[in-house]
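Everything on this sheet refers to the single structure shown next.
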Amino acid sequence: MGSTAVLKELQGDLENKANDLTKLQKDIAKNHQVRKKYTIQLGENELVLKELDLLNDDANVYKLIGPVLVKQDLAEANANVRKRIDYISAELYVLSS
C-alpha cells in the first residue's frame with residue numbers, strides 16, 4: 001500500500017472520529033437541555049407543593065386547564081403535584097445514569 005493510500009485511510013478514519021465526536025457533543029447538549037428543563041420543573045412543582053401545604057383543608061384550589069380555571073380538591077391537587085415530582089425526579093435520575 002502506498003503512502004497516498006495510507007494517508008487517505010487515515011484521513012477517512014479521522015473524519016469518522018470527528019463525526020462521532022460531533023454527534024456526541026450534540027447528544028450531550030440535548031441531554032443538558034432536557035436536564036435543565038426537568039430541574040426547573042422540579043423546582044416549580046416543589047414550590048407549588050409547599051404552597052399547597054400552607055393551605056387549610058377547606059381552601060379553594062383551582063387548576064388552569066386551557067383558558068379556564070377549574071376548581072380542584074386540595075387532596076387531589078396535592079396528589080397530582082407529588083406524582084409530577086416523583087416522575088420528574090425519576091427522569092432526572094435516568095438522565096444522570
Side-chain angles (χ1 to χ4, degrees):
M1 193 161 28
S3 62
T4 305
V6 170
L7 284 176
K8 283 187 178 184
E9 183 179 340
L10 287 173
Q11 183 179 3
D13 288 346
L14 185 60
E15 286 173 0
N16 288 337
K17 297 223 182 289
N19 289 338
D20 291 345
L21 178 61
T22 300
K23 183 182 179 305
L24 282 173
Q25 288 172 327
K26 286 179 182 177
D27 289 347
I28 289 170
K30 181 180 176 185
N31 183 291
H32 177 70
Q33 288 297 87
V34 171
R35 282 185 58 79
K36 183 177 175 183
K37 180 183 90 169
Y38 280 137
T39 302
I40 290 169
Q41 287 179 352
L42 182 61
E44 290 171 348
N45 279 279
E46 287 172 342
L47 183 62
V48 168
L49 189 59
K50 286 179 184 174
E51 291 292 323
L52 289 174
D53 287 342
L54 294 174
L55 297 176
N56 295 328
D57 290 340
D58 61 345
N60 291 326
V61 177
Y62 295 89
K63 179 178 183 177
L64 185 63
I65 301 177
V68 180
L69 284 174
V70 178
K71 194 170 185 177
Q72 189 177 31
D73 180 60
L74 179 58
E76 182 184 349
N78 230 316
N80 288 341
V81 172
R82 288 180 193 281
K83 284 179 194 172
R84 277 199 305 270
I85 288 172
D86 289 345
Y87 172 78
I88 294 167
S89 297
E91 289 298 310
L92 282 170
Y93 177 78
V94 169
L95 286 172
S96 65
S97 305

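Note that the coordinates shown come from a computational prediction; the quantities given were computed from them, not determined experimentally. Positions are given from 1, in the same order as the sequence printed here. Just so it is clear, the values below take in all heavy atoms, side chains as well, and ignore hydrogens, waters and symmetry mates.
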- Sorted by chain and number, sequence neighbours left out, salt bridge (Lys or Arg N to Asp or Glu O under 4.0 Å) with Lys26 holds for none

N/O donor-acceptor pairs under 3.5 Å from side chains in residues 12-19, not counting sequence neighbours:
residue: Glu15; atom: OE2; partner: Gln11; partner atom: NE2; Å: 3.4
residue: Asn16; atom: ND2; partner: Gly12; partner atom: O; Å: 3.4
residue: Asn19; atom: ND2; partner: Glu15; partner atom: O; Å: 3.3

- Please say which of Lys36, Arg35, Lys37 ends up in a side-chain contact (heavy atoms from CB on, under 4.5 Å) with Gln33. Lys36

- Output for pair (Leu21 CG, Leu24 CG), nearest 0.5 Å, gives 6.5 Å

- Transitive ILVMFWY side-chain link Val68 to Leu64, under 4.5 Å: no

- Task: Could I get the full list of side-chain hydrogen bond (donor to acceptor under 3.5 Å, both in side chains) partners for Lys71, not counting sequence neighbours?
- Result: Asn60

Show the atom names and distances, to 0.1 Å, of all donor-acceptor pairs under 3.5 Å that link a side chain in residues 72-82 to residues at least two apart or in another chain.
residue: Asp73; atom: OD2; partner: Ala75; partner atom: N; Å: 3.3
residue: Asp73; atom: OD2; partner: Glu76; partner atom: N; Å: 3.3
residue: Asn80; atom: ND2; partner: Glu76; partner atom: O; Å: 3.4

Name each donor-acceptor pair under 3.5 Å that joins a side chain in residues 44-58 to protein atoms two or more places apart or in another chain, with its distance.
residue: Asn45; atom: OD1; partner: Arg84; partner atom: NE; Å: 2.8
residue: Asn45; atom: OD1; partner: Arg84; partner atom: NH2; Å: 3.2
residue: Asn45; atom: ND2; partner: Gln41; partner atom: O; Å: 2.8

Identify all side-chain donor-acceptor contacts of residues 85-97 below 3.5 Å with residues at least two apart in sequence or on another chain.
residue: Ser89; atom: OG; partner: Ile85; partner atom: O; Å: 2.8
residue: Ser96; atom: OG; partner: Leu92; partner atom: O; Å: 3.3
residue: Ser96; atom: OG; partner: Tyr93; partner atom: O; Å: 2.9
residue: Ser97; atom: OG; partner: Tyr93; partner atom: O; Å: 2.8

